[in-house]
**Student:** 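Got a structure here, written out as structure tokens. Questions coming.
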Amino acid sequence: MKNFKIFKGLVRKEFLHILRDWRSLTMLLGIPIVLVLLFGSVMTMEIKDANIAVVDHAKDHDSKELINLISTSEFFKLVKYLDTSDEIDEEFKKGTIRMAFVFDKDFGYKLHHEGHAQIQLIADGSKILTSPSLISYGKIIINKHIASKNPPSRAGYYIIPTVRMMYNKNLNGRYMTVPGIMSTVILLVGALMTSLSITKEKELGTMELLLSTPINRFLIMFAKIVPYLITSFISALSIIWAAKYVFEVPVSGSMGLLLLNTVLYILTALALGLLISTFANSQLTAMMITMTLLMLPTEVLSGMTFPTDSLPVVLQWLGKLLPSTWFNIISKGILLQGAKGGSLFFETTILVVMVMVFYFWSVIRFKPRLQ
Amino acid sequence: MRIIRFIIVKEFIQIFRNPLLVLIILSQPFIQVLLLGTAGGDINYASVYVVDEDLSSTSREIISKMEGSDFFDIRGAALTMDEAYKVMEYKNINLIVHFPPNFEKKLIKEHSSKVQLVTNAIDAITASLTYAYSSEIIGAVNKDVAIKWGSKSLSNKASTVSIPYSYWYNRALISQYIMVPAMCVAMVVMITILLSGMNIVKEKEIGTMEQLNVTPMRKTHFIMGKIIPVWIINIVLLAIGLILSSLVFHVPVVGSLWLVFFLSGVVMFLLLAVGVLISVISNTQQQAMFFTFFIIMIFVIFGDFITPIDNMPSWGKAMADLNPQAYYSRMIHLVITKGSGIKDILPDLLKVSGLTFATLAVSLWIFNKKD
Amino acid sequence: MSQPEKAYSISVENLTKKFDDFVAVDKITFNVKKGEIFGFLGANGAGKTTAMRMLIGVLEPTSGKGEVAGFDIFKNSRKLKKHIGYMSQKFSLYDDLTAKENMRFFGGIYGLTNKEIRNRTKELLTHFGMEHIEKERVSSLPLGWKQKLAFCTALMHKPDVVFLDEPTSGVDPSIRRQFWEMIYETAEGGVTVLVTTHNMDEAEYCHRISMMVAGKMITVDTPQNLKDKYKLETMGEVFLHLARGYEKEHAITAS
Ligand SMILES: Nc1ncnc2c1ncn2[C@@H]1O[C@H](COP(=O)(O)OP(=O)(O)OP(=O)(O)O)[C@@H](O)[C@H]1O
Ligand SMILES: [Mg+2]
């Protein structure tokens with residue numbers, strides 16, 4: 001009972017601390033949702049109206065027909081006719097086009113009389129994220145058109161793929177990126193908050209003071225993170241709200257399960273921040289460690305934008321050390337696939353283990369040094 | 001000038017007095033560039049399950065062509081679709097290829113037949129690439145089938161178009177050639193802003209700023225003395241990053257290496273100005289931490305790093321026009337991968353300088369107004 | 001540098017500072033002679049630091065006049081800064097630098113040449129018997145030594161006036177005495193010292209003191225005169241007497 005009273009006192013003190021600095025509080029609650037809104041709105045890999053150039057050496061009926069078809073498709077927008085292939089380089093460097101279609105001389109003649117013609121597609125190899133898709137879409141349009149042009153008497157054999165997009169009928173890119181940015185932001189804000197504020201107390205010497213009191217260390221540490229648990233949970237709620245109502249990410253599974261896992265994930269972030277603060281010797285180093293270990297790694301390794309399966313094996317393993325990788329699986333599972341608790345048992349367990357390890361490790365490292 | 005030198009010396013002494021900080025700073029190229037540079041950023045993998053109810057030579061040909069491609073990884077086969085759906089839910093398979101019974105018979109008799117592709121579309125990009133690549137494979141099989149079963153006479157053969165494609169500047173589409181310079185850019189952006197912003201605020205927090213205000217030192221001198229060490233550190237980090245990128249990843253530098261350093265040096269001043277602005281508007285390191293985190297995230301989001309600017313709506317492109325990281329990464333890619341000279345990047349350099357002066361002017365204005 | 005010989009090193013007339021509606025310093029007027037040790041006495045929040053920050057040119061006064069070391073605090077704050085030294089209430093040297101590095105840095109900021117810095121550092125440290133801490137990191141020094149070092153640093157550029165804001169709070173009595181000896185030696189060298197404190201014993205050491213209550217300067221005189229005037233034994237009693245009297249008077253006018 002006495003312990004509980006002390007605990008309450010500690011929590012209240014921490015809370016006052018946060019509430020007093022309104023500027024930090026606004027940022028604490030505002031930054032996550034703003035980042036999610038921004039990122040969710042601009043982050044898309046869907047290709048629409050990509051600027052293209054055409055080099056038409058043939059200038060015949062067939063080439064014109066195909067060019068017309070390409071430029072009216074939803075994927076491409078024709079912005080330039082070029083005379084020679086040399087000019088493509090210039091346009092790429094200026095960034096005016098993303099792809100070029102080069103039609104052979106006598107395209108139509110060859111197509112009808114020799115049964116075989118050629119179109120060359122040129123994309124910018126420095127845009128590894130988008131160029132392969134551009135080439136693929138170009139090929140699909142051309143192939144479809146040529147197949148339809150063949151008279152029935154000459155028709156070949158056509159295997160027609162019918163496609164069903166599971167969990168995300170309209171191929172909405174946000175289904176992946178919104179849960180991804182959510183996990184990144186929650187992790188970083190949580191870890192930064194705790195690591196900085198506790199390092200600051202270390203700098204001031206108040207941490208040492210608290211720890212040398214007979215109050216249970218586990219309790220002190222927990223009291224330190226409770227306020228951030230609450231603020232983080234509020235911002236997580238705002239993010240989930242945005243996901244559901246602004247980005248229309250469906251919630252197929254149970255909202256309760258999602259919230260429960262979110263709390264667990266927030267605890268992981270805070271405990272990780274706690275652990276970092278035990279290594280840091282100044283607020284600057286605390287921030288450097290947190291940003292170094294978490295910012296780019298979560299963005300690249302935890303499946304926020306790139307599927308983890310495409311990563312080299314070493315990085316896949318490193319990714320597994322990040323809490324965000326597991327939370328991404330959990331949140332996408334619940335939101336999009338309607339996964340039940342049972343199928344996410346493994347991922348949840350890993351987060352629980354992480355919280356335990358981070359928390360206990362920090363408490364042990366925070367043993368007050370008696371001189 | 002002499003005064004600036006005294007400040008610079010003091011800064012370096014302080015940095016080197018903190019071995020942990022030195023370690024963290026020097027580890028940046030190894031963590032961000034060496035490690036994360038191996039992350040592709042390209043999507044090169046999709047896991048496939050097959051439900052073959054036809055077991056014909058055509059279905060087998062499609063499967064073996066998929067197996068032969070680098071992109072698809074056939075993980076297994078299921079007897080029924082229900083079974084395959086379960087696998088997709090629990091193991092996150094990307095694609096199910098379903099050949100219905102009598103698939104081949106229908107193809108021979110009716111010249112067309114359907115194969116069902118079920119993709120896991122949570123990750124919309126992988127899904128669309130999966131669809132594009134499987135369409136390509138099916139297209140190739142169509143041609144083979146036409147040759148095998150079709151009429152041998154030329155006049156009766158379906159006409160075809162070959163579509164050779166190429167990726168300029170990076171023919172083999174080696175993602176590391178792009179990812180590694182991008183990581184160098186991300187590292188420089190992060191470290192420059194972090195070190196400059198937090199470092200100046202620290203003087204406010206520990207009270208030395210008040211002491212300095214009483215000296216006749218000019219604020220511009222103070223700021224120069226504070227940012228030049230950070231500039232030097234980042235030039236060193238960039239050099240280490242570039243050495244790693246050429247030794248380990250063999251990233252070819254088509255343009256001039258001097259130009260890379262020159263433009264980096266210029267962009268760094270913009271980033272430093274941003275750091276100064278952050279330090280001017282924050283009173284505590286915690287506030288600076290929030291601003292820094294927010295700004296760095298914004299820079300990443302609008303920085304063409306994991307989110308292609310090309311695909312963004314126009315307001316996103318406008319935001320990118322204010323983003324140092326977007327300029328930096330565009331110029332670096334122009335020089336390193338496309339071999340552009342100073343003339344090509346001059347417009348960007350001018351805009352960067354304009355932004356630098358604007359940011360510095362605003363910071364100094366706020367700085368002077370404050371007391 | 002041939003400054004016209006001024007009668008006063010600090011002269012202040014009706015100096016006022018308002019933070020919005022709150023009057024932190026209310027029309028204070030006083031003069032300090034060259035080489036004098038002048039004390040600001042007052043409880044927490046009385047406005048001592050605020051008054052001092054106006055005199056050193058980092059806080060703009062709301063109204064009034066002020067001249068320090070011959071420079072107008074409104075117009076010449078940059079020139080003024082070359083001629084004054086300041087030790088703030090919050091310890092403000094660099095913890096991670098050594099004593100010598102701190103002195104070197106601040107000397108450099110004040111525009112001293114390398115030779116001047118070397119000589120002055122040596123001179124000050126030997127003079128005050130602190131040579132042995134020269135290479136110590138400031139973080140490892142006890143508080144009293146830190147304060148003495150901060151004082152030395154404030155004297156690096158040979159200021160005409162030094163401002164010391166509660167230099168001895170939290171310092172043990174023996175070091176406090178040493179500190180006051182330093183102040184005396186400095187003042188004997190012709191440097192004017194303005195020092196704030198809420199320690200009443202220290203007030204006795206000042207040549208003259210002013211008492212501040214709620215932003216107002218309620219009296220200015222030598223400690224001896226004050227004690228005689230009110231027939232009290234210690235400065236503490238004088239202060240209590242005056243502060244109570246002021247409050248009572250105020251309560252009456254307010255009602
Ligand atoms: N920047 C500011 N904005 C608003 N109020 C201020 C500001 N600086 C000081 N004050 C207020 O002015 C009053 C006088 O403060 P000051 O620091 O000058 O007192 P002090 O006599 O130095 O007290 P102490 O003994 O605690 O140092 C206090 O009530 C304080 O809250
Ligand atoms: Mg004070």
Side-chain angles (χ1 to χ4, degrees), chain B residues 1-25 195 198-229 280 283-285 364-371, chain C residues 17 49 52-61 68 71 76-98 100-114 116-117 137-140 146 150 153-154 156-157 159 161-165:
Chain B
M1 271 300 128
R2 239 172 73 81
I3 290 179
I4 298 180
R5 220 180 60 214
F6 274 100
I7 303 172
I8 293 174
V9 170
K10 179 213 110 193
E11 289 300 314
F12 273 118
I13 296 178
Q14 286 184 306
I15 291 168
F16 285 111
R17 285 276 154 81
N18 189 345
L20 181 62
L21 183 61
V22 175
L23 180 75
I24 299 168
I25 292 175
L195 282 180
M198 294 282 279
N199 197 2
I200 299 177
V201 182
K202 188 177 178 189
E203 302 242 1
K204 286 193 203 174
E205 201 169 287
I206 61 177
T208 42
M209 197 65 229
E210 169 99 347
Q211 192 70 43
L212 290 172
N213 279 338
V214 182
T215 70
M217 174 192 69
R218 285 178 194 280
K219 283 182 173 162
T220 39
H221 289 171
F222 174 67
I223 287 178
M224 290 307 282
K226 276 290 195 188
I227 65 179
I228 289 171
V280 163
N283 295 322
T284 63
Q285 291 186 75
L364 277 174
W365 181 67
I366 300 176
F367 202 177
N368 281 321
K369 206 184 68 170
K370 266 205 163 163
D371 30 49
Chain C
K17 181 70 198 180
T49 301
M52 198 176 255
R53 295 185 73 221
M54 286 190 282
L55 296 179
I56 59 175
V58 293
L59 192 67
E60 190 145 349
V68 173
F71 299 99
N76 279 328
S77 74
R78 188 175 306 282
K79 276 191 195 148
L80 162 71
K81 284 173 179 174
K82 283 198 171 164
H83 298 271
I84 58 169
Y86 173 58
M87 209 182 129
S88 91
Q89 184 170 1
K90 200 172 158 191
F91 177 73
S92 52
L93 294 183
Y94 295 98
D95 246 355
D96 44 358
L97 298 186
T98 65
K100 200 175 165 187
E101 284 162 349
N102 267 298
M103 293 177 79
R104 187 180 162 69
F105 172 70
F106 281 101
I109 294 292
Y110 278 103
L112 306 191
T113 64
N114 286 342
E116 280 171 335
I117 292 174
R137 295 237 188 121
V138 169
S139 56
S140 65
K146 282 185 184 173
T153 308
M156 273 302 279
H157 56 293
V161 185
V162 280
F163 294 86
L164 311 174
D165 198 357

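Here is how names work: the chains are called A, B, and so on, in the same order as the sequence lines, proteins then strands, and each is numbered from 1.
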**Student:** Picking from C:I56, C:I109, C:T153, which has the most non-hydrogen pairs under 4.5 angstrom with chain B?
**Tutor:** C:I109
**Student:** Just give me the residue among B:V214, B:I206, B:I4 that pairs up with chain C most often, heavy atom to heavy atom, under 4.5 Å.
**Tutor:** B:V214
**Student:** Atom CE of B:M217 and atom NZ of C:K82: how far apart are they, to the nearest 0.5 Å?
**Tutor:** 13.0 Å
**Student:** So for C:N114, is it side chain, backbone, both, or neither that comes closer than 4.5 Å to the heavy atoms of chain B?
**Tutor:** both
**Student:** So what's closer than 4.5 Å to chain B heavy atoms on C:T98: side chain, backbone, both or neither?
**Tutor:** both
**Student:** In terms of heavy-atom proximity below 4.5 Å to chain B, should C:R137 be classed as side chain, backbone, both, or neither?
**Tutor:** side chain
**Student:** Roughly how far, to the nearest 0.5 Å, is the CG atom of C:D96 from the CZ atom of B:F16?
**Tutor:** 13.5 Å
**Student:** Is C:L55 in contact with chain B via its backbone, its side chain, both, or neither, using a 4.5 Å heavy-atom distance?
**Tutor:** neither
**Student:** Is there a side-chain contact between B:I7 and C:F105 in this structure, where contact means two heavy atoms from C-beta onward sitting under 4.5 Å apart?
**Tutor:** yes
**Student:** By a 4.5 Å heavy-atom criterion (distance strictly below it), what part of C:I84 contacts chain B: side chain, backbone, both, or neither?
**Tutor:** side chain
**Student:** Below 4.5 Å, heavy atoms only, C-beta onward: do B:Q14 and C:L97 meet side chain to side chain?
**Tutor:** yes
**Student:** CZ/B:R2 to CG/C:L112 distance, rounded to the nearest 0.5 angstrom?
**Tutor:** 8.0 Å
**Student:** Below 4.5 Å, heavy-atom pairs only: which of B:N18, B:V9, B:L212 has the largest tally toward chain C?
**Tutor:** B:L212
**Student:** Check whether C:F91 gets within reach of chain B through its side chain, its backbone, both or neither, counting any heavy atom under 4.5 Å.
**Tutor:** backbone
**Student:** Please report the interatomic distance CD1(B:I13) to CZ(C:R104), rounded to the nearest 0.5 Å.
**Tutor:** 8.5 Å
**Student:** Please name the pair of heavy atoms, one in C:K90 and one in B:E205, separated by the smallest distance, quoted to 0.1 Å.
**Tutor:** NZ-O, 2.7 Å
**Student:** Determine the minimum heavy-atom distance between B:E210 and C:S88, stating which atoms define it.
**Tutor:** CG-CB, 4.3 Å
**Student:** Taking side chain as C-beta onward, heavy atoms only, is C:V58 less than 4.5 Å from B:M209?
**Tutor:** no
**Student:** With side chains defined as the heavy atoms from C-beta onward, is the minimum distance between C:F106 and B:K10 less than 4.5 Å?
**Tutor:** no
**Student:** For B:Q211 and C:S92, which heavy atoms make the closest approach, and how far apart are they?
**Tutor:** OE1-OG, 2.9 Å
